[in-house]
Protein chains: 2
Amino acid sequence: MDRRQAKTRKAVFQAFAELLEEKGYPDITVQDIIDRADIGRSTFYSHFEAKEDLLNVLCESIFEHAFSKHPGKEDTHDFSEKEGLKAELTHALYHLGEHRGYVKSILSSESGDVFMRYFKNHLREVFGRDSGPVPDGIPRDYAVEHSVCWFAETVRWWMDNEEYSPEEVTGLFWRYKVGEAESRRAHPGNGMKNGMP
Amino acid sequence: MDRRQAKTRKAVFQAFAELLEEKGYPDITVQDIIDRADIGRSTFYSHFEAKEDLLNVLCESIFEHAFSKHPGKEDTHDFSEKEGLKAELTHALYHLGEHRGYVKSILSSESGDVFMRYFKNHLREVFGRDSGPVPDGIPRDYAVEHSVCWFAETVRWWMDNEEYSPEEVTGLFWRYKVGEAESRRAHPGNGMKNGMP
DNA sequence: TAAATAATGAACACCATGTTCAGTAACTAA
DNA sequence: TTAGTTACTGAACATGGTGTTCATTATTTA
């Protein structure tokens, strides 16, 4: 990629992230972005179709990283499949936590919808692979949707509760995961890796 | 209230509902609304601050009705508290089902955020009153948030799955309600009033 | 019937959007 | 080093929705 293009893109994302920490997404104008990034108006439009496009690209890149296959992830088979799933979720939380500054802002307006949509799409892939227990007679995809939505909502909650670590949040979520509530009775002690405070 | 005002408001809401069935909320302009409602531009702005205001008022009125105290609701004490709660939820679903046409549309864009916020606010009041079982050591308000979010998401799902009745949806939701999963084991048969297909 | 209240609609200023284009700067490959 | 390509610039412009103003007309109320 041309060095000039990369420079421009980087400047735009940097400006966008900064602006998100200062005001809500709907209040940010294209003018704000190009002023902050110090680029020409036409340059912005040669890179992005519009402000919404920029948001989409940002969200996609966040989750691409958060759910990236990192070395050794697939090899977590000294643990059970369940532990591998929990590790994957915790890994994602670490990434999201790094961007708390502007993620909080994105979540607190219309743009939250966009963010959550991307988030849930990735989570559906993750939980779709999970072959853990599902209560008697309940469709698996309905159970998956429950895990997806509730994990996403848990993260939304976490963004305003910085005192919890990623491990703690995954542990708390896990206790609400459908199927786990019942199996926990049969195998006590399996529910959480780290106790909640 | 002045008959003229009432007439204008009604025309605006009617036009808004119709337009929502035709296109997404972001694509609807104030011009669309006043053309359809056949009122003057300044008239619209004397009733509503902006398009967003109209959406807020519409959402509030929907849930005011859906969660209204209707006669005999408080007297459901021939059933348990649990049955009263389920009846309240089912009642709300009947109301929401009546407006499926435009509710579906509201939910499928930015405006869904607004709708869900109002919905969850009302649900927090409802589930906050619920004193049912909560798993060992989990904060009650966290459990409440789970019921709130998952019921709201279930409705979102229901909007695209017309084949289920309100009773069936409440029953399905109930099986995922935290606390219920465990108590169901102790008291089998209490989980659902109507079996799912 | 008079006073108060509401609706009208054209006209207006405003502002963000997205496009165009001629000119300049930076890369690339021969 | 040079020629050719690609990217950035920034001013200018057309567009379109927004929200306000105000003199006029219609309706309600007392």
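Proteins come first, then strands; the chains are lettered A, B, ... in the order of their sequence lines, and each starts at number 1.
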Gap between atoms CD and C1', on B:Q5 and C:dT8 respectively (whole Å): 15 Å
Base-contact (B) and sugar-phosphate-only (S) positions in nucleotides 23-30 of chain D, heavy-atom cut-off under 4.0 Å, - elsewhere: ---BBS--
Nucleic acid contacts - residues 33-60 of chain A versus DNA chain C, non-hydrogen atoms under 4.0 Å: A:R41, A:S42, A:Y45, A:A50
Rounded distance in Å - CG (A:D32) to P (C:dG18): 14 Å
Test item: A:E153 and B:E145 side chains (from C-beta on) under 4.5 Å apart, heavy atoms: no
With a 3.5 Å cut-off and sequence neighbours excluded, list the donor-acceptor pairs that the side chains of residues 42-51 of chain A form with protein atoms.
residue: A:S46; atom: OG; partner: A:T43; partner atom: O; Å: 2.8
residue: A:K51; atom: NZ; partner: A:Y25; partner atom: O; Å: 3.3
residue: A:K51; atom: NZ; partner: A:I28; partner atom: O; Å: 3.0

Any B:T29 side-chain nitrogen or oxygen under 4.0 Å from OP1 or OP2 of D:dG16: no
Protein-nucleotide distance (B:Q31, atom CD; D:dT18, atom P), rounded to Å: 8 Å
Flag side-chain contact, heavy atom, 4.5 Å: A:E52 against A:E110: no
Side-chain touch A:R4/A:R9, heavy atoms, less than 4.5 angstrom: no
Pair A:W158 and A:F151, ring centroids less than 6.0 Å apart: no
Residue pair B:E64 / B:Y118, side-chain donor-acceptor N/O under 3.5 Å: no
Between B:H99 and B:H65, a side-chain donor and acceptor under 3.5 Å: no
Check: B:F16 ring centre within less than 6.0 Å of B:Y102 ring centre: no
